[in-house]
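Owing to the predicted nature of the structure, the values given are computational and were not obtained by experimental measurement.
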Amino acid sequence: MAEIVLGIGTSHGMLDWPSNEWLERGRGDRTNPRMNYDELLKEVKPGIEKELTPEKIHDRGEAVIRGKEAVKEVMRQASPDVYLLLSNPHGVPSGSRFNPVFGIFLAHGSSQIRRSGHETGGRRQAESVEQPGAIDEAARYTPMPELADQLMTGLIAQDIDVACLYETEPGEAVGAHPYTDLYKDYELDRSTPIVPFVISRYLPNQATPARCYALGEAVRRAIEEWDSDVRVAIVASGGLSHQIIDEELDRQVVTALEKRDTATLCALPRDRLNRANGTAEILNWVALSAAMGPRPMTLIDYIPCYRSEAGTGVAVGLAYWA
């Protein structure tokens, strides 16, 4: 039977930002339409200026680098056969495309799932091929359609409704970087297979924390029931709170993950999860925690990377389950 050998929780928004650029990015927040900067200034915690000294920013930048190296070593030691990537759509959702609550990418030419109403022959496959250079090379990845098929059928059998997209490249459909940056950030060979799994972070089609936890449990069962010797790592790519840092919420989440406090994880307040566009990526971690079953989370580091006097930035979380 297939085996889940590793879980990784990793932020992705800050991992390649040099610390000497943080304040410049913070200045851009003043006109960012996704936030009311003047209102944030009124609400910011006392002593925010201490978070923005050159020394503090440098130290936190170094902590991010050390944390990445620690994750890289954990991945090297586990040496899984495939990475299942739980992440979210990024950018402005297309108004001309359905945006699912949960979804999975099936490699069209290799998927063996029986389906109706969708042509699977060579003509359709040939038509879907992109012209050379049309897809950003950084977005390319190696699929494992066998795992994608197993999850699709296994989750539907467990009454988890999952959309599917018959493309190999995430591309503009969801924004590629949260799925394929694993290669760049952790120096994986691009021959290492990845299966992208979408968890919507957008309202109104955003699952509750409890539903994401149920999804994670169903993912675990689907993998463990797979008649295969494949060793699977599951990655929650995204989070923690950003573009507005909410340390109180982050620490509540981290403590609940460490203690396997299911009740707290399933009842995370949706208003806090949606205070900033990026913070709902915490839902990926909730699903991952459930998928890892009784195994405890080991926190590598929590690094609140502030970039402005309004408390904007990215709270970097790095952790693993083994």
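Qualifying salt bridge (Lys or Arg N to Asp or Glu O under 4.0 Å) partners for D246, counting only residues two or more places apart in sequence or in other chains: R272. Residues passing the salt bridge (Lys or Arg N to Asp or Glu O under 4.0 Å) test with K56: none are found, sequence neighbours excluded. Residues passing the salt bridge (Lys or Arg N to Asp or Glu O under 4.0 Å) test with D59: none are found, sequence neighbours excluded. Listed by chain and residue number, R76, Q77 satisfy the side chain to side chain contact (heavy atoms under 4.5 Å, CB included) test with E73 (two or more places apart in sequence, or in another chain). Under the rule for a side chain to side chain contact (heavy atoms under 4.5 Å, CB included), the partners of E224 that lie at least two apart in sequence or sit in another chain are R220. Shown here are the ring pair (Phe, Tyr, Trp, His ring centres under 6.0 Å) partners of H12, two or more places apart in sequence or in another chain: H90, H177. Listed by chain and residue number, nothing satisfies the salt bridge (Lys or Arg N to Asp or Glu O under 4.0 Å) test with E258 (two or more places apart in sequence, or in another chain).
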(message) As a quick check of understanding, evaluate side-chain hydrogen bond (donor to acceptor under 3.5 Å, both in side chains) for D250 and Y302, giving each step before the final call.
(response) CA-CA 9 Å; D250 291 335; Y302 170 73; 2.6 Å; yes
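Contacts classified as ring-ring contact (aromatic ring centres under 6.0 Å, His included) and involving residues 28-84 (residues at least two apart or in different chains) are not found. Each side-chain hydrogen bond (donor to acceptor under 3.5 Å, both in side chains) pair with one or both residues in residues 40-49, not counting sequence neighbours, appears once here: E39-K42, E43-R275, K45-E51, K45-E247, K45-Y306.
The local environment of CG in D271 is crowded, with over 12 non-hydrogen atoms from other residues, nucleotides or ligands closer than 6.0 Å.
By the 4.5 Å side-chain criterion applied to Ile, Leu, Val, Met, Phe, Trp and Tyr, L203 is assigned to no cluster and stands alone. The hydrophobic cluster analysis finds I65 isolated: no Ile, Leu, Val, Met, Phe, Trp or Tyr side chain comes under 4.5 Å of it, directly or through other members.
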Could you give the side-chain donor-acceptor pairs of residues 147-164 under 3.5 Å, partners two or more places apart or in another chain?
{"from": "D149", "atom 1": "OD1", "to": "S111", "atom 2": "OG", "distance (Å)": "2.9"}
{"from": "D149", "atom 1": "OD2", "to": "Q112", "atom 2": "N", "distance (Å)": "2.7"}
{"from": "Q150", "atom 1": "NE2", "to": "A222", "atom 2": "O", "distance (Å)": "2.8"}
{"from": "T153", "atom 1": "OG1", "to": "D149", "atom 2": "O", "distance (Å)": "3.0"}
{"from": "T153", "atom 1": "OG1", "to": "Q150", "atom 2": "O", "distance (Å)": "3.2"}
{"from": "Q158", "atom 1": "OE1", "to": "R221", "atom 2": "NE", "distance (Å)": "2.6"}
{"from": "Q158", "atom 1": "OE1", "to": "R221", "atom 2": "NH2", "distance (Å)": "3.1"}
{"from": "Q158", "atom 1": "NE2", "to": "G154", "atom 2": "O", "distance (Å)": "3.2"}
{"from": "Q158", "atom 1": "NE2", "to": "A218", "atom 2": "O", "distance (Å)": "3.0"}

